[in-house]
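To find a chain, count down the sequence lines: A is the first, B the second, and so on, and within it residues start at 1. This structure is a prediction, so every number in the text was calculated from the model and none was measured.
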Number of protein chains: 2
Amino acid sequence: MHNHLETKNSHDTKENIFLAAAHLFAKRGYNGVSMREISEKSGVTKPTIYYYFGSKEGIYHELVDTGIQHVFSSFETILKDKMPAKDKLVVMTKKLFQFAVDYPEFAKFFMTLVTPFTDNAALVKFKKEAEKRGRILVTIIRTGIESGEFGASANPELAAKIIGGVWQHFIWQQLASQKKILTDELAQEIIEILFKGLNE
Amino acid sequence: MHNHLETKNSHDTKENIFLAAAHLFAKRGYNGVSMREISEKSGVTKPTIYYYFGSKEGIYHELVDTGIQHVFSSFETILKDKMPAKDKLVVMTKKLFQFAVDYPEFAKFFMTLVTPFTDNAALVKFKKEAEKRGRILVTIIRTGIESGEFGASANPELAAKIIGGVWQHFIWQQLASQKKILTDELAQEIIEILFKGLNE
DNA sequence: CAAAATTTACCTACCGTTCAGTATAAAATT
DNA sequence: AATTTTATACTGAACGGTAGGTAAATTTTG
C-alpha cells in the first residue's frame with residue numbers, strides 16, 4: 001500500500017537538497033560537510049543527490065551561481081540610476097545588508113567564498129563578479145569626484161577597496177550574531193563616516 | 001649507515017611540523033588538510049606529530065595561541081604611548097601590515113580564523129583577543145575625540161569596527177596576491193581617508 | 001644503559017561515488 | 001483498450017580509498 005498523502009515531486013526534492021547544502025556549507029565550509037550529512041538533512045538518500053547534482057562540487061557550483069545572480073544583479077542597475085554618488089553608495093549598502101538579513105544561511109555560505117583558500121574551480125566566476133563589483137564602486141566614486149561631490153584629492157581605487165572591505169566586515173558581523181544589526185540606518189551612518197571622515 | 005650531515009634535534013622537528021601545518025591550514029583550512037599531508041610536508045611520520053601535538057586539533061590550537069601572541073601583543077603598548085590618536089592608528093596599521101608581509105603563511109592561517117565557520121574550540125581565545133583589540137581601538141578614538149583631534153560627532157564604536165574591517169580586508173588582499181601591496185605608505189593613506197573622509 | 005625520539009604496521013570509521021535495481025507514470029505500439 | 005516500452009525519481013548496498021589515531025618495536029641521544 002502506498003500512501004498518497006505523501007506526494008513527492010522533483011522540484012521540492014532538489015530544493016530541499018539545495019537548502020540543506022547551503023546551510024551546512026555555510027556552517028562548516030566545503031570540506032567540513034559530507035554528502036551523508038546533506039542527505040540526512042534534506043531527507044533523501046545519497047544517490048538522489050547524485051541524481052540531481054552529479055557530484056559534491058556540482059552542488060557547490062550551483063550554489064555559487066545562484067548567489068552571484070542574487071547579490072550582484074541589482075548593482076548594475078543602481079550604477080545607471082540618476083542620483084548623487086553618495087546616495088548610490090547608500091542604496092548599494094542597504095541592498096547588501098538587506099540580503100544578509102533576509103537570507104542569512106545563503107549569505108553566510110556566500111561569504112565563505114571570499115576567504116583565502118579558494119582553489120575551487122567554482123570560484124573563478126565568483127571572483128570575476130567580485131572584481132566587476134569593485135569596478136562599479138570605482139566608477140561611482142570617480143563620477144562623484146568629477147561632479148564635485150567628493151574632494152578632488154580622493155583616491156577612487158583606494159576608497160572602493162575600503163568600502164568593499166567595510167561591507168564584508170559588517171555582513172560577517174551580522175552572520176555571526178543572532179540579533180539584527182544591519183539596518184538601513186547603519187548603512188547610512190557607515191557611508192556618512194566614510195564621506196565626512198573622523199575629523200568633522 | 002647514517003648521514004651525520006643531517007643533524008636532527010627535537011626543536012627542529014617540532015618547528016618543521018608547526019610550519020608545515022601553518023602553511024597547509026592557511027591554504028585549505030582545517031578540514032581541507034590531512035595529517036598525512038602535514039607529515040609528508042614536514043618530513044616526519046604521523047606518529048611523530050602525535051608525539052608532539054597529541055591531535056590534529058592540538059596543532060591547530062597551538063597555532064592559534066602563537067598567532068595571538070604575535071599579532072596582538074604590540075597593541076597594548078601602542079595604546080599607552082604618548083602620541084596623537086591618529087598616529088597611533090597609523091602605527092597599528094603599519095605593524096599589522098608588516099606582520100602580513102613578513103609572515104604571509106602564518107598570517108594567512110591566522111586570517112582563516114575570522115571566517116564564519118568557527119565551531120572550533122580553539123577559537124574562543126582568539127575571539128576574546130579580537131574583542132580586546134576592538135576595545136583598544138575604541139579607546140584610542142574616544143581619546144582622540146576628547147582631545148579635540150577628532151570631531152565630536154564621531155561614533156567611536158562604529159569607527160573602530162570600520163577600521164577593523166578595513167584592516168582585515170587589506171591583509172586578505174595582500175595574502176591573495178604575489179606582489180607586496182601592504183606598504184607603510186598605504187597604511188598612512190588608509191588612515192588619512194578614514195580621517196578626512198571622501199568629501200575633502 | 002635509560003630516556004627520548006621516531007618508525008613500522010595497523011585499526012576502525014567514514015569519505016565521495018557508483019552499481020544494480022525498483023516503483024510510478026506517461027508514451028508508444030499492437 | 002490492452003500491452004509493451006520508455007523515462008523519471010529514487011533507493012540499499014557496497015566500492016576503493018583515506019581519514020584520524022595508536023600499540024609496539026626500533027633507533028637516537030645523552
Side-chain angles (χ1 to χ4, degrees), chain A residues 1-25 27-64 109 117 119-123, chain B residues 1-25 27-64 109 117 119-123:
Chain A
M1 275 274 133
H2 184 260
N3 184 359
H4 273 278
L5 290 173
E6 277 181 41
T7 38
K8 284 190 177 180
N9 73 55
S10 63
H11 178 72
D12 278 2
T13 302
K14 193 176 179 184
E15 187 74 10
N16 287 343
I17 297 169
F18 202 66
L19 292 175
H23 194 145
L24 289 167
F25 282 141
K27 225 177 199 158
R28 289 197 295 282
Y30 184 79
N31 287 305
V33 176
S34 72
M35 296 299 268
R36 183 182 52 82
E37 286 177 287
I38 298 173
S39 95
E40 278 170 10
K41 194 175 177 87
S42 57
V44 299
T45 56
K46 272 195 289 172
T48 305
I49 303 175
Y50 283 86
Y51 177 78
Y52 284 109
F53 295 95
S55 68
K56 191 183 177 184
E57 281 222 349
I59 315 176
Y60 200 75
H61 205 300
E62 210 159 305
L63 239 17
V64 172
F109 160 77
F117 29 90
D119 296 12
N120 198 304
L123 301 179
Chain B
M1 276 273 136
H2 183 260
N3 183 359
H4 272 279
L5 291 173
E6 278 182 41
T7 38
K8 281 191 179 179
N9 69 54
S10 64
H11 176 72
D12 277 3
T13 302
K14 192 174 178 184
E15 188 73 9
N16 286 343
I17 297 169
F18 201 68
L19 293 174
H23 194 146
L24 289 166
F25 282 141
K27 223 175 200 157
R28 289 197 296 282
Y30 183 80
N31 287 304
V33 176
S34 71
M35 295 300 269
R36 200 188 107 256
E37 285 176 287
I38 298 174
S39 96
E40 275 170 11
K41 196 177 177 85
S42 57
V44 298
T45 55
K46 261 196 307 166
T48 304
I49 303 175
Y50 284 88
Y51 177 77
Y52 285 109
F53 295 95
S55 69
K56 191 184 179 184
E57 280 222 349
I59 314 177
Y60 200 75
H61 205 297
E62 210 158 306
L63 239 17
V64 172
F109 160 76
F117 31 90
D119 297 11
N120 198 303
L123 301 178

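- With rounding to whole Å, Y50(B) atom OH is found 17 Å from dT6(C) atom P.
- When rounded to the nearest whole Å, the span between CG of D12(B) and C1' of dA5(C) equals 13 Å.
- Put simply, CD1 on I17(A) is 12 Å from P on dA9(D), counting in whole angstrom units.
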Atom pairs under 3.5 Å: protein N/O with N/O of nucleotides 12-17 of chain D:
none

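- Distance, Y52(A) OH to dG16(C) P: 21 Å, rounded to whole Å.
- Distances shown here put every side-chain N or O of S55(B) at or beyond 4.0 Å from the OP1 or OP2 atom of dG20(D).
- Scored by the side chain to side chain contact (heavy atoms under 4.5 Å, CB included) test, S55(A) finds E57(A) as partners (sequence neighbours excluded).
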Review point. Where do T13(B) and V44(B) land on the side chain to side chain contact (heavy atoms under 4.5 Å, CB included) test, with the steps shown first?
Key: CA-CA 8 Å; T13(B) 302; V44(B) 298; 3.8 Å; yes
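- Looking only at side-chain heavy atoms (C-beta outward), N31(B) and Y30(A) stay at 4.5 Å or farther from each other.
- Applying the side chain to side chain contact (heavy atoms under 4.5 Å, CB included) criterion to T45(A), with sequence neighbours excluded, gives P47(A), T48(A).
- Residues F25(B) and I38(B) come closest through the heavy atom pair CZ-CD1, 4.2 Å.
- Within residues 31-38 of chain A, the residues approaching DNA chain C are V33(A), S34(A), M35(A), R36(A), by heavy-atom distance under 4.0 Å.
- Distance OH (Y51(B)) to P (dG21(D)): 18 Å, rounded to an integer number of Å.
- K14(B) has its NZ atom 14 Å from the C1' atom of dA4(C), to the nearest Å.
- Counting to the nearest Å, the P atom of dT7(C) and the CD atom of E40(B) are 13 Å from each other.
- Every residue two or more places apart in sequence or in another chain that forms a side chain to side chain contact (heavy atoms under 4.5 Å, CB included) with F53(A) is listed here: K14(A), I17(A), F18(A), I49(A), I59(A), E62(A).
- For residues 35-53 of chain B, the pairs satisfying salt bridge (Lys or Arg N to Asp or Glu O under 4.0 Å) are R28(B)-E37(B), R36(B)-E40(B), with sequence neighbours left out.
- A straight line from CD of E15(A) to C1' of dA9(D) spans 17 Å, rounded to a whole angstrom.
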